[in-house]
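Below is one structure; the comments refer to it alone.
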Amino acid sequence: MEPLTEHRPVSGLVVYGFLRLVRVSQARQDALVASLTEYCRSHELQLSGVFTDRDASARPASAAFTGLLDVLALPDVYGVIAPAMSHLGPKAIAAERGRRIEAVGSRLLLVRKPRTAHHSISRSGPLRRRHPGTPRVLDAES
């Protein structure tokens, strides 16, 4: 992801949230909205609303996403905030929705960035680590 304000002038950092919540409790929904609110507060963004997609079908043009695209066309809207890419839907749907968000000139901001592949295990075998406080025994020949 690119820095927030590097590529175009921004008069106000207005963003809209997007949550995909299929069979989710009210407590979970409240926690996710609170996390978006806190992220926006700490990054000086103005969260103007949260669109919630409860449609379990796998299609890019749900009612909530169409509504989100409508508000992204308003002047001075900077982008969309979501907890993770999975909130845009299954991988193929999320990719298409991401393209549509960028096509209208908005930014897609993720609270939790996608995982990167870690190659921490060497080819010679797994790494063995001593636990703190475990005495190290040396042979007399060492």
Side-chain angles (χ1 to χ4, degrees), residues 1-139 142:
M1 298 194 127
E2 301 166 345
L4 285 177
T5 58
E6 292 284 325
H7 296 283
R8 65 179 180 152
V10 177
S11 60
L13 295 176
V14 174
V15 296
Y16 285 87
F18 190 81
L19 298 172
R20 182 172 183 267
L21 303 174
V22 180
R23 293 184 298 261
V24 172
S25 70
Q26 186 63 44
R28 175 75 174 144
Q29 179 178 342
D30 293 344
L32 287 167
V33 170
S35 73
L36 293 182
T37 303
E38 176 56 26
Y39 181 90
C40 289
R41 187 201 59 76
S42 67
H43 288 85
E44 298 178 353
L45 300 168
Q46 180 185 342
L47 183 62
S48 292
V50 177
F51 288 83
T52 304
D53 188 0
R54 296 188 184 279
D55 189 359
S57 67
R59 58 188 173 105
S62 69
F65 190 73
T66 301
L68 175 68
L69 290 178
D70 288 344
V71 298
L72 293 180
L74 296 172
D76 297 328
V77 175
Y78 185 67
V80 177
I81 181 82
M85 196 67 175
S86 62
H87 276 271
L88 293 180
K91 286 184 182 183
I93 302 296
E96 175 61 26
R97 286 178 171 178
R99 282 189 291 277
R100 289 183 183 185
I101 289 168
E102 291 176 2
V104 297
S106 292
R107 303 289 305 263
L108 175 58
L109 308 168
L110 301 175
V111 173
R112 188 176 62 228
K113 297 188 181 359
R115 293 183 188 177
T116 58
H118 295 291
H119 301 288
S120 61
I121 298 176
S122 70
R123 294 176 190 245
S124 63
L127 187 62
R128 293 187 184 159
R129 298 179 187 218
R130 270 186 345 124
H131 296 285
T134 304
R136 187 172 175 186
V137 179
L138 299 175
D139 292 334
S142 297

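- Put simply, CG on L36 and CG on L19 are 5.0 Å apart, with the number rounded to the nearest 0.5 Å.
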- Query: Run the side chain to side chain contact (heavy atoms under 4.5 Å, CB included) check on H43 and L13 step by step: do they pass?
  - Reply: CA-CA 9 Å; H43 288 85; L13 295 176; over 6 Å; no
- Take R54 and Q29, measure what side-chain hydrogen bond (donor to acceptor under 3.5 Å, both in side chains) needs, and give me the verdict at the end. CA-CA 11 Å; R54 296 188 184 279; Q29 179 178 342; 2.2 Å; yes
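- Less than 6.0 angstrom separates the ring centroid of F18 from the ring centroid of F65.
- Residue R97 comes nearest to P60 through the heavy atom pair NE-O, 3.0 Å, listed as atom of the first residue, atom of the second, then distance.
- The distance from the OG1 atom of T37 to the CG atom of L45 is 11.5 Å, given to the nearest 0.5 Å.
- The distance from the CG atom of D53 to the CG atom of L21 is 8.5 Å, given to the nearest 0.5 Å.
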Show me, pair by pair, the donor-acceptor contacts under 3.5 angstrom made by side chains of residues 89-96, not counting sequence neighbours?
{"unit_1": "E96", "atom_1": "OE1", "unit_2": "R99", "atom_2": "NH2", "d": "3.2"}
{"unit_1": "E96", "atom_1": "OE2", "unit_2": "R100", "atom_2": "NE", "d": "3.0"}

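- Atoms CG and CZ, on L72 and R107 in that order, are 13.0 Å from each other to the nearest 0.5 Å.
- Formation of a donor-acceptor pair under 3.5 Å by the T66 side chain with backbone atoms of S62 is found in this model.
- In Q26, the CD atom is crowded: over 12 heavy atoms of neighbouring residues, nucleotides or ligands sit closer than 6.0 Å.
- A side chain to side chain contact (heavy atoms under 4.5 Å, CB included) with V80 holds for exactly one of L109, I101, V104; it is I101.
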- From CA spacing to verdict: side chain to side chain contact (heavy atoms under 4.5 Å, CB included), L88, L108: CA-CA 10 Å; L88 293 180; L108 175 58; 3.6 Å; yes
- Item | Step-by-step side chain to side chain contact (heavy atoms under 4.5 Å, CB included) determination, V14 to L47 | CA-CA 6 Å; V14 174; L47 183 62; over 6 Å; no
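- In terms of heavy-atom proximity, I81 sits nearest to C40 at CG2-SG, 4.2 Å.
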- Message: Go through it in stages, so that I can follow the logic: the residues are V77 and V15, the test is side chain to side chain contact (heavy atoms under 4.5 Å, CB included), and I'd like the CA-CA distance, side-chain angles, deciding distance and then a yes or no.
- Response: CA-CA 6 Å; V77 175; V15 296; over 6 Å; no
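- A donor-acceptor distance shorter than 3.5 angstrom exists from the side chain of H87 to the backbone of R20, with no hydrogens or angles considered.
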